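Heads up, the thing below is written out as structure tokens.
Throughout, a chain's letter reflects where its sequence line sits, starting with A, and its residues are numbered from 1. All of these numbers come straight from a predicted model, not from anything done at the bench.
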Protein chains: 2
Amino acid sequence: MNSFTEENYIKAIYKLLESGDETVSTNAIAERMHTRAASVTDMLKKLALKKLINYQRYQGVSLTGKGEKIALSIIRKHRLWEMFLVEKFNFKWDEVHDVAEQLEHIQSDKLIEELDKFLNYPKADPHGDPIPDAKGKLLARKSKSLSQFSVNDVCIMTGVVDHSPAFLQYLDKTGFGLGNEIKIREVVEFDKSLQIVVNKKTFFISSDVAKNILVILK
Amino acid sequence: MNSFTEENYIKAIYKLLESGDETVSTNAIAERMHTRAASVTDMLKKLALKKLINYQRYQGVSLTGKGEKIALSIIRKHRLWEMFLVEKFNFKWDEVHDVAEQLEHIQSDKLIEELDKFLNYPKADPHGDPIPDAKGKLLARKSKSLSQFSVNDVCIMTGVVDHSPAFLQYLDKTGFGLGNEIKIREVVEFDKSLQIVVNKKTFFISSDVAKNILVILK
DNA sequence: ATCAAATTTTAGATTAGCCTAAATTATTTT
DNA sequence: AAAATAATTTAGGCTAATCTAAAATTTGAT
Ligand SMILES: [Mn+2]
Ligand SMILES: [Mn+2]
Ligand SMILES: [Mn+2]
Ligand SMILES: [Mn+2]
């Protein structure tokens with residue numbers, strides 16, 4: 001139906017729209033897809049012809065209902081596969097993304113239904129990202145960045161912003177994972193770095209790290 | 001490394017070589033790939049340049065060691081995935097092929113290792129076809145077609161020649177499957193059709209069906 | 001050994017996805 | 001409200017994989 005490339009563009013547009021803006025720019029897509037703006041324009045014309053995006057030249061793009069459904073189905077597949085790899089195949093959370101990028105394009109409704117069942121209908125992937133249901137319904141997360149909390153707040157880690165292996169491995173090495181209780185012991189005024197307590201141990205993390213850790217108040 | 005298309009050509013050449021000939025023809029590849037001979041010639045030039053096939057124009061092709069290794073790795077992945085779908089995801093043996101055609105191109109050594117381990121290192125796929133090991137070693141099967149046996153021979157069904165859903169569904173409906181004991185009660189001289197006993201029930205099968213059932217003598 | 005038929009290759013196009021360079025349109029600054 | 005700058009699109013090309021039609025080569029039948 002749609003090529004891998006088309007699927008990847010649609011997903012990129014969806015992700016860019018997630019940050020709140022009404023439309024996304026050609027340049028933003030180009031950067032995310034590691035291509036040139038001219039290539040993006042070519043693809044936008046094609047996707048518009050297929051009624052997957054709303055596009056008028058120079059005006060930015062958004063997804064149509066049809067486009068959004070496709071995006072959500074790809075994201076669903078990506079996250080289910082990531083979950084599968086971690087739960088059943090001994091992958092670490094920093095190893096799953098690249099394989100899931102390939103698996104998300106496999107076409108088979110039965111496969112995805114069985115995958116979902118096999119994993120017992122998980123609500124979130126190994127990074128805490130919510131998994132759209134079979135109908136494309138996605139629960140909005142209410143997590144906030146750890147950097148938004150204050151001294152003596154006690155939070156539960158629910159996700160990450162940065163998904164890079166480097167960041168995930170840093171968290172592993174330090175001993176942070178989803179579900180951990182994090183108590184803020186001190187916020188350094190100067191650089192917004194934090195002193196926190198996790199598993200009864202004290203850690204110092206930069207504001208950069210704090211920004212990339214998602215939590216809910218306990 | 002190699003595109004999906006290149007992988008599919010290599011696999012096609014491998015399968016055609018399996019029938020015993022030293023080389024395969026451009027036309028044979030074209031028919032198997034549902035393309036035209038001219039397209040095949042283009043691809044053969046490319047694969048020859050990559051040293052995956054031995055090719056001189058008008059002389060037919062064979063695989064180099066490198067090409068054969070790639071073919072076996074794709075076949076290994078295909079058969080492991082088919083096994084996975086049947087064993088873990090409730091697929092029937094007539095439903096797995098098309099999905100495995102997609103999954104066989106996923107690139108991840110760890111994924112295949114874990115898949116193999118998860119399935120407890122199976123020796124054959126749901127159709128009885130042997131699975132190459134991680135080194136690309138493939139055990140030759142000694143099964144023969146049921147049509148080669150005679151009255152009173154007792155055999156065990158070990159595989160199928162035709163993999164089409166139609167044929168597999170016919171076997172399902174009739175109640176034949178891998179591992180079944182088949183006793184030949186009569187061979188009709190006129191059309192080579194057979195009267196056989198499976199699970200204490202008597203069946204009449206055409207010579208065409210018999211040719212497509214692989215067995216070993218009990 | 002010659003000629004006809006079949007096979008295979010070459011020549012020349014097409015489409016998807018990508019590129020650079022140039023032109024166009026929008027936005028920001030003065 | 002111009003002018004300068006930034007963003008976007010168009011123009012023109014490239015490669016991979018495909019096609020049709022024509023040419024070249026091999027095979028096989030007299
Ligand atoms: Mn991911
Ligand atoms: Mn994820
Ligand atoms: Mn198969
Ligand atoms: Mn099989």
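- Here R79(B) does not pair with E82(B) in a salt bridge; the nearest charged N to carboxylate O distance is not below 4.0 Å.
- Contact annotation: N27(A) reaches the phosphate of dT8(D) (side-chain N/O to OP1 or OP2, under 4.0 Å).
- Closest approach to the T26(B) side chain among dT18(D), dT8(C), dA26(C) is made by dT8(C) (side chain taken as heavy atoms from C-beta onward).
- In the model, D94(B) has a side-chain atom that pairs as donor or acceptor with a side-chain atom of Q169(B) under 3.5 Å.
- R57(B) has a side-chain polar atom (N or O) that falls below the 4.0 Å cut-off from OP1 or OP2 of dT10(C).
- Y55(A) comes within 4.0 angstrom of the backbone, heavy atoms only, and of no base.
- The side chain of T41(A) approaches dT8(D) more closely than any other nucleotide in the set dT9(C), dC18(C), dT8(D).
- The residues R141(A) and D129(A) are annotated as salt-bridged, a charged nitrogen and a carboxylate oxygen being separated by less than 4.0 angstrom.
- Residue D42(B) contributes atom CG, which lies 15 Å from atom P of dA13(C) at whole-angstrom precision.
- Residue Y58(A) places no side-chain atom within donor-acceptor reach of the base of dT9(D), judged by atom type and a 3.5 Å distance cut-off alone.
- One interatomic measurement links the two molecules: CD1 of I29(B) to C1' of dT18(D), which rounds to 16 Å at whole-angstrom precision.
- Across dC19(C), dT25(D), dA7(D), the shortest atom-to-atom separation from the side chain of R36(A) is found for dC19(C).
- In this structure, L47(A) places its CG atom 12 Å from P of dA16(C), rounding to the nearest Å.
- In this structure, K45(B) fails the cation-pi test against Y55(B), since its NZ or CZ atom is not both closer than 6.0 Å to the six-membered ring centre and inside 45 degrees of the ring normal.
- For the pair M43(B) CE and dT15(D) P, the interatomic distance rounds to 16 Å; values are reported in whole Å.
- Atom CD1 in I53(A) sits about 13 Å away from atom P in dT8(D), given to the nearest Å.
- Nearest to the side chain of A37(B), among dT9(C), dA21(C), dT7(C), sits dT9(C).
- Under 4.0 angstrom from either OP1 or OP2 of dT10(D) there lies at least one side-chain N or O belonging to K45(A).
- Checking dT20(C), dT18(D), dC18(C) against every side-chain atom of T35(B), the shortest atom distance belongs to dT18(D).
- In summary, E104(A) and K11(A) engage in a salt bridge, as defined by a charged side-chain N under 4.0 Å from a carboxylate O.
- For L44(B) and dT7(C), the CG to C1' distance is 13 Å, given to the nearest whole Å.
- The CD-C1' distance, from Q56(B) to dT9(C), rounds to 15 Å in whole Å.
- The distance between atom NE2 of H34(B) and atom C1' of dC19(D), rounded to the nearest whole Å, is 16 Å.
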